[in-house]
J.: 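Take this structure first; my questions come after.
Order of appearance sets the numbers: ligands from 1, and atoms from 1 within every ligand. These figures come from a predicted structure and were not determined experimentally.
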Amino acid sequence: MSDRLYIFDTTLRDGEQSPGCSMNIDEKLRVAHALATLGVDIIEAGFPIASPGDFEAVHRIAKEVHGPKIAGLARAAQRDIERAGEAVRPAGDRARIHTFIATSPIHMEAKLRMSPDQVLERAVEAVKLARSLAPEVEFSAEDAGRSEMDFLCRIVEATIAAGARVINIPDTVGYMTPDEFGYRIRTLIERVPNSDQAIFSVHCHNDLGLAVANSLAAVENGARQVECTINGLGERAGNAALEEVVMILRTRSDRYDIETGIDTTRIVPTSKLVSQITGMPVQPNKAIVGANAFAHESGIHQDGMLKHQKTYEIMTPESVGWNTNRMVLGKHSGRAALKSRYDILGVKLDDEKLVAVFERFKVLADKKKDIFDEDLMSILSGDSEELTERIKLVSLHAASGTRDAPIAAVELDIEGKLHKATAQGDGPVDAAFQAIKSLVEPNGKLLLYSVNAITSGTDAQGEVTVRLQDGDRIVNGQGSDTDIVVASAKAFVAALNKLPNMHAKEVHAQYSGV
Ligand code: KIV
Ligand code: ZN
């Protein structure tokens, strides 16, 4: 009989803390539904005390997403815990409060300015309060990787006695190596007298590229919950990548006799959805979900593959959700076919959304013969943007070539009024951006501009990601179109829509009646 490993997904909390990855409530709900379909056991939906928007997102996920347990993060402080309890309450017996406090000498001395005894007392109070507000409590000893073992044992024993049923041991700064981290988990389980009353969990960061290896070492030594994120998103270098942890356990079941509840065929669609919503591209050579993860380029490899797939493939692309039957829809496809394809991709569309998405599908199908799943996901992303759109791209005309200076003319609808501008630039994209910038403020500092062809062929849609910074706020926008300049302008406008104070510059003449 194989053991069961619980998959705790923190894409919506630790993942969302990556620079530029913030999501609006509608986007978080879409990711949460996709995670439920993927089969994760616990969704960490956010940090409710952080802002009213975070609270609302956790609350709505707890209310609307069924299946997984829903966790809300809280520091070991009364207000945090009460707020988290309120946010996860709609999940009923699936609600979890995840409370944490730092336990390493450097964090206790320099950050908390508390003695170990004070930290221990605070942790116990926090767990007791959380236990009175939610059916399940997880306690995390932040920076456990650099904490002293004796103190870690004491605090783990005390928080289990106070009612925590999940004990999380984070390698917060990604400092551990697999051997020492595995040993740490085994020692805790062996030395803490009441360790049998809790599930041991790990949460590894990837600063030295060891997050997945450390998580697996912990599993080999008794951990039965792994905290991870889709595409390895997360603070700094990210967290352990869910898809890697799950596929290692499955592909090497001869070594790890441990099962997860993940439907692995949902991995790639979920990865694409998260990448699209956060604007964080997946590197092509990323294990499992990178575009090249199953591409065989060299002649020797292709020859081997033709003779036997297992010569160069340890798992099949289909098993992780790469779609080999890629060409599915075209301009003659109807609404029912579109809905059914979205169903397969794990996206549920109600009638109203289907009408809006079908319109966009038809526009794209007029420009492009074959519509791939990637195209379908990209036209969907405009869907959530509409909800918060204060500016819309009405029209764009750009001209460039080897002789004349590139020029672009844009029309924007800014809160119901039409604004026009023309500008020159270093290229047509730059000209379009200059024209847009002349119409709105603040317009942010451009931190990233990246272009990807979503599918192959010269009629492929280009997908552009734009990252902007305004003060301490970093936002991403994505746009796709068969015309790369239009895709760029859409991405820029999408990012501008996420800047809270963005408004029309007053110097420009306004035309009403759009
Ligand atoms: O990295 C970390 O320690 C965390 C905790 C809040 C679990 O994210
Ligand atoms: Zn973390």
Side-chain angles (χ1 to χ4, degrees), residues 6-19 21-22 40-50 54 58 69-77 80-81 83-84 87-88 96-108 110-112 119 122-123 126-127 130 136-147 151-152 155-156 159 164-176 181 184-185 188 198-212 214-215 218 223 225-242 245 278 280:
Y6 296 103
I7 298 293
F8 176 110
D9 182 279
T10 182
T11 307
L12 292 171
R13 200 279 297 168
D14 217 319
E16 212 225 358
Q17 285 172 215
S18 322
C21 274
S22 57
V40 308
D41 298 288
I42 304 104
I43 295 175
E44 184 160 59
F47 191 12
I49 195 82
D54 273 58
V58 178
K69 293 183 179 180
I70 307 297
L73 184 68
R75 286 166 299 193
D80 279 45
I81 294 168
R83 204 71 181 133
V88 295
R96 181 187 286 187
I97 296 177
H98 175 194
T99 185
F100 72 98
I101 192 163
T103 52
S104 63
I106 174 126
H107 276 236
M108 291 191 290
K111 184 178 83 173
L112 299 175
V119 166
R122 177 78 76 81
V127 170
E136 192 169 63
V137 176
E138 168 172 341
F139 172 72
S140 280
E142 190 191 6
D143 204 16
R146 293 188 300 170
S147 299
F151 181 57
L152 207 50
I155 200 164
V156 166
T159 49
R165 287 296 161 264
V166 182
I167 295 293
N168 186 37
I169 306 300
D171 180 20
T172 303
V173 291
Y175 182 70
M176 294 274 93
F181 196 55
R184 206 152 254 259
I185 301 302
L188 277 168
I199 290 175
F200 279 74
S201 163
V202 289
H203 173 112
C204 298
H205 278 272
N206 205 29
D207 299 66
L208 293 172
L210 288 172
V212 170
N214 286 340
S215 303
Q225 175 179 287
V226 165
E227 303 198 352
C228 44
T229 56
I230 302 292
N231 301 336
L233 285 185
E235 284 271 13
R236 307 180 309 278
N239 289 61
L242 179 149
V245 171
T278 58
M280 194 67 95

J.: Any donor-acceptor pair under 3.5 Å linking the side chain of Ser104 with the backbone of Ser147?
T.: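 No, Ser104 side chain to Ser147 backbone: no donor-acceptor pair under 3.5 Å.
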J.: Salt bridge or not between Glu138 and Arg96? Use side-chain N to carboxylate O under 4.0 Å.
T.: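 Counted as a salt bridge, because a side-chain N and a carboxylate O are separated by less than 4.0 Å.
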J.: Donor-acceptor check, side chain of Asp143 to backbone of Thr172, threshold 3.5 angstrom: yes or no?
T.: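 Here the side-chain-to-backbone pair does not exist.
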J.: Has Asn214 got a side-chain atom pairing as donor or acceptor with Phe181's backbone, closer than 3.5 angstrom?
T.: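 Answer holds: no.
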J.: Hey, are the side chains of His203 and Ser140 touching, using non-hydrogen atoms and a 4.5 Å cut-off?
T.: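 Result no, sub-4.5 Å side-chain heavy-atom pair not found.
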J.: Is it true that Glu227 and Arg13 make a salt bridge, defined as a side-chain N closer than 4.0 Å to a carboxylate O?
T.: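 Looking at Arg13 together with Glu227, the answer is no, because their closest N to O distance does not fall below 4.0 Å.
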J.: Please tell me if the side chains of Val88 and Val58 come closer than 4.5 Å, counting only heavy atoms from C-beta onward.
T.: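 In contact.
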J.: I'd like the contact residues of ligand 1, where contact means a heavy atom below 4.0 Å.
T.: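 Residue list for ligand 1: Arg13, Asp14, His98, Phe100, Ser140, Glu142, Asn168, Pro170, Thr172, His203, His205.
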J.: For Tyr175, does the OH atom have more than 12 heavy-atom neighbours from other residues, nucleotides or ligands under 6.0 Å away?
T.: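 No.
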J.: For atom OH of Tyr6, decide whether the heavy atoms of other residues, nucleotides or ligands shown that lie under 6.0 angstrom number more than 12.
T.: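 Open.
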J.: Leaving out waters, which are not shown anyway, how many protein N, O or S atoms lie closer than 2.8 Å to the Zn ion (ligand 2)?
T.: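 Of the protein's nitrogen, oxygen and sulfur atoms, 3 lie under 2.8 Å from the Zn ion (ligand 2).
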